[in-house]
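Okay, structure first, notes after.
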Number of protein chains: 4
Amino acid sequence: MPTTPEPGRRPHTGRRRNEAARQAILAATRRLLAENAPGRPVTVDAIAKEAGIGKQTIYRWWPSKGAVLLEALTSLARDEVRTPDTGVLESDLAAFLGDIFRAGTAPDNAAVLRTLAAEAARDAQVAELLLGFTRTRRGALRTLLERARERGEVAPGTDLDLLVDQAFGVYWFRFLSGLAPLTPAVARELARTLALGAR
Amino acid sequence: MPTTPEPGRRPHTGRRRNEAARQAILAATRRLLAENAPGRPVTVDAIAKEAGIGKQTIYRWWPSKGAVLLEALTSLARDEVRTPDTGVLESDLAAFLGDIFRAGTAPDNAAVLRTLAAEAARDAQVAELLLGFTRTRRGALRTLLERARERGEVAPGTDLDLLVDQAFGVYWFRFLSGLAPLTPAVARELARTLALGAR
Amino acid sequence: MPTTPEPGRRPHTGRRRNEAARQAILAATRRLLAENAPGRPVTVDAIAKEAGIGKQTIYRWWPSKGAVLLEALTSLARDEVRTPDTGVLESDLAAFLGDIFRAGTAPDNAAVLRTLAAEAARDAQVAELLLGFTRTRRGALRTLLERARERGEVAPGTDLDLLVDQAFGVYWFRFLSGLAPLTPAVARELARTLALGAR
Amino acid sequence: MPTTPEPGRRPHTGRRRNEAARQAILAATRRLLAENAPGRPVTVDAIAKEAGIGKQTIYRWWPSKGAVLLEALTSLARDEVRTPDTGVLESDLAAFLGDIFRAGTAPDNAAVLRTLAAEAARDAQVAELLLGFTRTRRGALRTLLERARERGEVAPGTDLDLLVDQAFGVYWFRFLSGLAPLTPAVARELARTLALGAR
DNA sequence: TCATAAACGAGACGGTACGTCCGGTCTTCTT
DNA sequence: AAGAAGACCGGACGTACCGTCTCGTTTATGA
């Protein structure tokens with residue numbers, strides 16, 4: 001998410017940034033990503049044309065193509081992350097993971113993330129954005145585990161971060177590789193395994 | 001400064017394939033991957049120049065740039081993956097994960113893997129090859145778990161693939177994000193958690 | 001270093017047209033044209049910034065970039081063109097051409113004209129305006145020749161426009177190509193040749 | 001109606017520069033220049049597409065778009081410059097100027113030269129090419145005048161270069177401005193005037 | 001023995017995408 | 001209402017890189 005330019009020292013005169021253009025760009029990007037048609041590659045030019053804006057407007061708001069893709073993805077999966085509190089770790093985990101998995105199963109996100117990871121590797125800014133994207137979700141899962149620890153469902157000395165990484169590791173790994181599914185059933189099974197491992 | 005391979009040293013082999021050229025290509029690729037310098041991108045032209053060979057020679061041996069990268073990686077990490085058999089799941093896991101973590105933390109490998117993952121992100125073919133690379137290791141871990149199941153250490157109905165993905169998920173996630181370490185201690189703790197979760 | 005016009009000094013005049021702004025624009029244009037530095041291209045944005053005004057103010061007063069350039073030139077070379085009348089064609093020509101050559105050789109004018117000609121070359125509108133600028137001078141020369149014709153110094157049937165174009169052709173050609181000088185001596189010699197050719 | 005060059009017919013030449021590609025580029029440029037259609041601007045992309053080659057191939061042979069235009073023009077007007085020798089200066093001049101004028105009257109050269117002059121102003125290389133283009137012709141005219149001087153048709157002390165510039169000045173001035181024609185009649189009249197002025 | 005065939009270094013080529021630049025218009029806030 | 005500031009659309013520019021193709025050279029093989 002691009003840091004909105006802090007309103008400068010001088011009260012901003014001049015034409016203000018056009019939020020509609022910004023949204024048009026994101027919408028167009030999402031549309032192209034969702035189509036994923038062979039003849040319609042997700043090019044910067046294609047995005048500009050689809051959005052009916054000039055290329056420069058894209059580069060005025062985002063530093064690179066990858067940044068746009070990331071934000072399009074983020075806004076795609078912006079559905080709030082629930083931090084359920086059923087009083088039982090396994091149930092909480094199952095609900096949480098189910099949510100995450102569902103958002104990540106949208107048909108074409110894999111391609112997006114592929115491009116993103118590439119950008120992240122060469123553009124530190126994108127990398128930071130990508131990490132920021134996951135940080136929120138990781139924080140939510142961590143909270144969930146801490147609550148369980150207070151309830152005594154987690155053995156003292158257990159490395160909570162490792163548990164978090166097990167969950168997100170599975171998620172990202174399967175998401176990116178497409179080798180195995182991210183179904184609700186898997187979410188439940190993963191919840192079970194993690195809850196067991198936490199004891 | 002690139003360790004330029006002494007130029008013109010490599011002899012022609014006439015109409016027979018020149019193994020030296022092949023090795024020069026792999027060595028040059030590894031060098032570029034390890035450097036990962038901004039002004040020295042890992043392009044096919046760069047590899048060819050660094051190796052002192054023609055681009056066509058690359059495409060005579062490999063179908064695409066990604067294939068070269070993968071093979072450079074594979075030859076780097078050829079150290080066989082042990083499939084220990086101590087008779088106790090947790091010990092087996094700890095040994096296996098320790099190996100994997102160590103290989104991925106060796107400074108040279110790390111740079112190569114990171115660049116390769118970036119490459120994979122933008123080239124689906126590389127991604128496929130990279131997955132093929134991990135398949136072997138995944139197979140080893142899976143074997144290890146199956147043996148434990150036969151010994152009764154794993155609850156029937158447990159999703160072994162999910163356990164495998166938890167292990168490799170943590171590995172890749174931490175490796176690529178750099179958010180958390182991959183120390184031997186983490187390997188042991190992960191082994192403990194997985195063994196617990198398998199019950 | 002650009003002689004930045006003290007910024008913010010010029011007062012707003014509210015709803016009345018601000019002659020000061022107009023002059024600032026012309027001055028800034030002249031400055032940029034005269035500099036002709038590689039890093040300071042004569043773009044509309046550059047002019048606006050250098051003048052400390054908004055781009056729209058330029059387009060409120062002139063229909064296009066070229067029009068601004070032309071007016072900057074015109075105001076530069078406003079020195080009236082003399083139409084001498086010595087009663088002898090050759091003398092008249094020598095005086096007239098001497099003036100023209102001198103104006104075009106003044107260092108400042110030279111830079112401006114050269115840049116402008118370049119601009120004219122890529123912008124048909126500028127070319128048109130530039131021609132309008134020369135039309136006045138051409139008219140003066142033509143008048144001079146007509147007077148000579150009435151005096152009988154020009155053979156009947158002589159193409160006066162062709163003579164005019166010979167004079168201005170030499171002027172522009174040498175001015176733009178820089179291949180040969182535009183000295184007073186050349187003006188005299190050209191006057192002699194033209195007077196001869198007119199007979 | 002783009003006369004598409006039979007696609008894919010042109011053979012590769014391997015590591016040597018492909019003269020066919022070069023010619024295809026020039027031909028395509030000439031075609032686009034000649035069309036001068038509003039919807040088909042003479043863009044680098046358009047040239048590349050029309051020629052059926054990659055843009056990079058253009059930039060491998062020429063430093064900029066202007067250079068291509070110039071060469072297309074040059075090759076267009078490559079018709080040899082005659083240096084007639086009738087034994088009479090005026091006749092020689094008339095023939096020579098007639099040739100030059102005819103070449104310059106091709107409908108669309110004006111646009112080409114406009115673009116060229118723009119490039120020349122910012123790209124010294126193009127400027128040099130443009131001057132080289134005229135040098136040959138100027139040399140021919142100069143030779144012609146020198147022969148006349150030897151025959152005694154030119155007054156001693158006459159500035160031959162000035163006469164040359166009068167001729168080419170008229171040519172370029174009318175050519176670029178389009179203000180007055182370059183008909184055979186004008187060539188004859190100019191020849192008469194110059195021959196007179198030389199005496 | 002000598003012609004042929006294959007691999008090689010070199011690098012031009014077609015094609016696709018990228019990110020930048022600039023002209024002219026539009027919008028917002030200030031004076 | 002005019003002005004300063006600057007975002008916006010459109011379109012061209014020149015660069016980077018992939019994978020293909022051909023050249024001329026070098027060497028092993030087979031007639």
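Quick note: numbers below take in every heavy atom, side chains included, and nothing from hydrogens, waters or symmetry partners. Residue numbering restarts at 1 for every chain, and letters A, B, ... go by the order of the sequence lines.
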Distance in Å, C:L69 CG paired with C:T29 OG1, rounded so as to fall on 0.5 Å steps: 6.5 Å
Contact list (N/O, under 3.5 angstrom) for nucleotides 26-31 of chain F vs protein:
{"unit_1": "F:dT26", "atom_1": "O4'", "unit_2": "B:H12", "atom_2": "ND1", "d": "3.3"}

For A:R40, all residues meeting side chain to side chain contact (heavy atoms under 4.5 Å, CB included), sequence neighbours excluded: A:L32, A:E35, A:A37, A:E50
For atom NZ of B:K49 and atom P of E:dG11, their distance in whole Å: 7 Å
Residue C:R60, side-chain atoms from C-beta onward, closest of F:dG14, F:dA2, E:dC13: F:dA2
Protein-nucleotide distance (B:E50, atom CD; E:dA10, atom C1'), rounded to Å: 17 Å
N or O in side chain of A:W61 less than 4.0 angstrom from F:dC8 OP1/OP2: yes
Distance, rounded to the nearest Å, where C:I25 contributes CD1 and F:dA4 contributes P: 7 Å
Distance (rounded to the nearest 0.5 Å) between C:W61 CH2 and C:E19 CD: 5.0 Å
d(CZ, B:R40; P, F:dC17) in whole Å: 13 Å
D:Y59 and D:V68: CA distance, side-chain angles, deciding distance, side-chain contact (heavy atoms from CB on, under 4.5 Å) verdict: CA-CA 9 Å; D:Y59 286 102; D:V68 184; over 6 Å; no
Integer-rounded Å distance: E:dG9 P and B:R17 CZ: 12 Å
Each nucleotide N or O in nucleotides 15-18 of chain E that has a protein N or O under 3.5 Å away: list the pair and distance.
{"unit_1": "E:dC18", "atom_1": "OP1", "unit_2": "A:K65", "atom_2": "NZ", "d": "2.8"}
{"unit_1": "E:dC18", "atom_1": "OP2", "unit_2": "A:V44", "atom_2": "N", "d": "2.6"}

Main-chain N/O of B:V42 paired with B:K65 side-chain donor or acceptor, under 3.5 Å: yes
Residues in side chain to side chain contact (heavy atoms under 4.5 Å, CB included) contact with B:K55, at least two apart in sequence or another chain: B:V44, B:D45, B:A48
From C:I47 atom CD1 to C:R31 atom CZ, the distance as rounded to the nearest 0.5 Å: 11.0 Å
Table of protein N/O atoms under 3.5 Å from nucleotides 1-3 of chain E N/O atoms:
none

Interatomic spacing from CD1 in D:I58 to OG in D:S64 - rounded to 0.5 Å: 11.0 Å
D:T57 side chain near E:dG14 phosphate (N/O to OP1/OP2, under 4.0 Å): yes
Non-hydrogen side-chain atoms of B:R22 and B:W62 separated by less than 4.5 Å: yes
Minimum-distance pair of heavy atoms, taken over all atoms of C:A72 and C:L26: N-CD2, 3.7 Å
Check: A:A46 main-chain N/O paired with A:T43 side-chain donor or acceptor under 3.5 Å: no
Whole angstrom value for the distance that separates P of E:dG24 from CD1 of C:I47: 11 Å
Between C1' of E:dC8 and CD of B:Q23, the distance in whole Å: 17 Å
Interatomic distance where CH2 belongs to B:W62 and P belongs to F:dG19 [whole Å]: 14 Å
